Amino acid sequence: MRPQDLTLRCYAEQQADCLWVTVCVDLCLAAQGKTYREARQKLNQQIKEYVFDALAG
């Protein structure tokens with residue numbers, strides 16, 4: 001299986017005016033940011049690092 005073939009369940013929710021939380025349910029990862037875009041980018045980076053580490057080990 002290649003990393004780009006993964007399907008992961010993720011969601012985002014706005015907690016306050018300037019706080020977004022994104023969660024990847026399947027990998028138990030979460031990130032937050034001031035905007036949806038920032039939170040999503042942080043979560044995407046965490047997912048990439050998680051998958052890279054899993055495949056490297």
Side-chain angles (χ1 to χ4, degrees):
M1 176 176 280
R2 299 175 308 167
Q4 57 267 33
D5 294 335
L6 291 175
T7 300
L8 300 171
R9 294 174 293 158
C10 301
Y11 69 91
E13 92 182 345
Q14 190 171 13
Q15 298 281 318
D17 287 340
C18 294
L19 179 63
W20 279 86
V21 175
T22 52
V23 177
C24 178
V25 178
D26 296 313
L27 300 179
C28 297
L29 299 172
Q32 63 184 30
K34 292 180 181 178
T35 64
Y36 167 75
R37 182 182 171 130
E38 179 184 3
R40 183 176 166 188
Q41 287 174 337
K42 287 180 179 182
L43 183 63
N44 283 342
Q45 186 60 38
Q46 285 185 21
I47 291 169
K48 287 177 187 177
E49 291 173 7
Y50 184 98
V51 172
F52 179 80
D53 289 344
L55 295 176

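Note that the structure is predicted; figures quoted are calculated from it, not measured. Along the sequence shown, residues are numbered consecutively beginning with 1.
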Could you pull out the closest heavy-atom pair between Q15 and V21, with the gap in Å?
-> CG-CG2, 3.3 Å
For W20 and T35, which heavy atoms make the closest approach, and how far apart are they?
-> CD1-C, 3.5 Å
Side chains of C24 and L43: closer than 4.5 Å at any heavy-atom pair?
-> yes
Excluding sequence neighbours, so at least two apart, what forms salt bridge (charged side-chain N to carboxylate O under 4.0 Å, His left out) with E38?
-> K42
Output for pair (L29 CG, C10 SG), nearest 0.5 Å, gives 8.5 Å
What is the distance from atom CD of Q14 to atom OG1 of T22, rounded to the nearest 0.5 Å?
-> 13.0 Å
Mind checking whether L27 and L55 sit in one hydrophobic cluster, side chains of I, L, V, M, F, W, Y counted as touching below 4.5 Å?
-> yes
Acceptor/donor pairs from residues 45-52 side chains to any protein atom, 3.5 angstrom cut, sequence neighbours excluded:
| unit_1 | atom_1 | unit_2 | atom_2 | d |
| --- | --- | --- | --- | --- |
| Q45 | NE2 | E49 | OE2 | 3.1 |
| Q46 | NE2 | A30 | O | 3.1 |

Pairing residues for N44 by the side chain to side chain donor-acceptor pair (under 3.5 Å) criterion, not counting sequence neighbours = none
